[in-house]
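What follows is a set of notes on a single structure, which appears directly below.
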Amino acid sequence: HVQLVESGGGSVQPGGSLRLSCVASGYRMYASDYCMGWFRQAPGKAREGVATMDSVGTTNYARSVKGRFAISYAGDTVYLQMSSLKPEDTALHYCARGCRDTPRSAAQALARSLYRYWGQGTQVTVS
């Protein structure tokens with residue numbers, strides 16, 4: 001049973017920083033599981049891709065967070081370092097792992113449908 005657990009969310013003032021963590025457990029790591037991402041969903045909006053990393057370490061970022069957010073991982077934990085936070089970053093942030101296919105473009109890498117496993121989300125509020 002695959003489980004992803006996010007943590008690190010909270011409330012912060014504009015310009016502040018947070019680091020989100022996502023710990024994975026319950027499955028054997030295959031190459032596709034090193035494909036990972038962070039998504040977010042604000043009230044009334046669709047879930048959108050924020051930052052992803054594929055199995056060879058290629059990263060992709062949404063235009064709105066490029067230069068401010070950084071995805072990384074160590075062992076079973078995926079991180080999202082968020083800096084220079086803005087009110088529009090307020091959302092429930094989810095981690096995702098396990099790609100159904102090898103992404104061939106940034107748009108594919110940031111697509112929700114690519115990922116098999118999802119966490120329950122951690123709230124980030126910037127105000």
Side-chain angles (χ1 to χ4, degrees):
H1 175 65
V2 177
Q3 189 171 22
L4 303 179
V5 179
E6 302 100 332
S7 62
S11 295
V12 65
Q13 293 183 342
S17 299
L18 284 173
R19 188 175 80 156
L20 306 184
S21 301
C22 173
V23 180
S25 63
Y27 70 100
R28 182 177 178 178
M29 291 292 285
Y30 295 96
S32 65
D33 295 322
Y34 288 96
C35 181
M36 58 198 77
W38 286 94
F39 289 71
R40 67 186 182 188
Q41 188 165 15
K45 294 188 177 181
R47 192 174 299 188
E48 62 173 354
V50 173
T52 66
M53 179 183 290
D54 67 17
S55 58
V56 295
T58 301
T59 57
N60 288 283
Y61 295 93
R63 191 173 299 179
S64 60
V65 308
K66 211 165 189 178
R68 300 188 297 122
F69 290 13
I71 186 172
S72 63
Y73 79 95
D76 290 335
T77 303
V78 182
Y79 301 98
L80 183 67
Q81 179 66 49
M82 305 185 294
S83 304
S84 302
L85 284 162
K86 304 175 181 180
E88 49 264 44
D89 296 318
T90 295
L92 191 59
H93 284 65
Y94 299 88
C95 82
R97 299 197 70 162
C99 287
R100 302 178 192 278
D101 198 357
T102 301
R104 302 189 184 281
S105 68
Q108 287 184 353
L110 289 165
R112 176 181 180 179
S113 59
L114 182 66
Y115 299 85
R116 292 182 290 170
Y117 309 120
W118 291 85
Q120 294 301 306
T122 184
Q123 178 67 36
V124 171
T125 301
V126 185
S127 64

Output the distance between atom [atom1] ([X]) and atom [atom2] ([Y]), rounded to the nearest 0.5 Å.
X: Tyr94; Y: Gln41; atom1: OH; atom2: CD; answer: 5.0 Å
X: Met36; Y: Ser72; atom1: CE; atom2: OG; answer: 9.5 Å
X: Arg97; Y: Asp76; atom1: CZ; atom2: CG; answer: 6.5 Å
X: Cys22; Y: His93; atom1: SG; atom2: NE2; answer: 13.0 Å

**OP:** Evaluate the side chain to side chain contact (heavy atoms under 4.5 Å, CB included) criterion for residues Ser127 and Thr125: first the C-alpha distance (whole Å), next the side-chain angles of each, then the deciding distance (0.1 Å), finally the verdict.
**Re:** CA-CA 6 Å; Ser127 64; Thr125 301; 4.2 Å; yes

Original post:
When you look at CD of Gln120, are more than 12 heavy atoms from neighbouring residues, nucleotides or ligands closer to it than 6.0 Å?
Top reply: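 12 or below, so no.
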
Which atom pair, heavy atoms only, marks the closest approach of [X] to [Y]?
X: Leu92; Y: Gly121; result: CD1-C, 3.9 Å
X: Ala42; Y: Thr90; result: CB-O, 3.8 Å
X: Leu80; Y: Ala51; result: CD1-CB, 3.9 Å
X: Gly37; Y: Tyr115; result: N-CE2, 4.0 Å
X: Ser84; Y: Ser17; result: N-OG, 4.3 Å

Original post:
Is Tyr73 reachable from Phe39 through a run of hydrophobic residues whose side-chain heavy atoms are each under 4.5 Å from the next?
Top reply: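 Result: no, two separate clusters.
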
Taking side chain to side chain contact (heavy atoms under 4.5 Å, CB included) as the test, write out the residues that go with [X], two or more places apart.
X: Ala106; value: Asn60
X: Thr102; value: none
X: Thr59; value: Met53, Tyr61, Ile71
X: Leu85; value: Val12, Leu18, Phe69, Met82, Asp89, Val126

Original post:
By side-chain hydrogen bond (donor to acceptor under 3.5 Å, both in side chains), which residues pair with Ser64, not counting sequence neighbours?
Top reply: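 Only Arg40 meet the side-chain hydrogen bond (donor to acceptor under 3.5 Å, both in side chains) criterion with Ser64.
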
Original post:
Is there a donor-acceptor contact under 3.5 Å from the side chain of Glu6 to the main chain of Cys95?
Top reply: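 Side chain of Glu6 to backbone of Cys95: a pair is present.
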
Subject >> By salt bridge (charged side-chain N to carboxylate O under 4.0 Å, His left out) - contacts of Glu88 (at least two apart) >> reply: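 With sequence neighbours excluded, Glu88 shows a salt bridge (charged side-chain N to carboxylate O under 4.0 Å, His left out) to no residue whatsoever.
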
Original post:
Please walk me through it: do Val124 and Leu20 pass side chain to side chain contact (heavy atoms under 4.5 Å, CB included)?
Top reply: CA-CA 9 Å; Val124 171; Leu20 306 184; 4.0 Å; yes

**OP:** Have a look at Val23 and tell me which of Thr77, Val78, Leu4 forms a side chain to side chain contact (heavy atoms under 4.5 Å, CB included) with it.
**Re:**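 Answer after filtering Thr77, Val78, Leu4: Thr77.
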
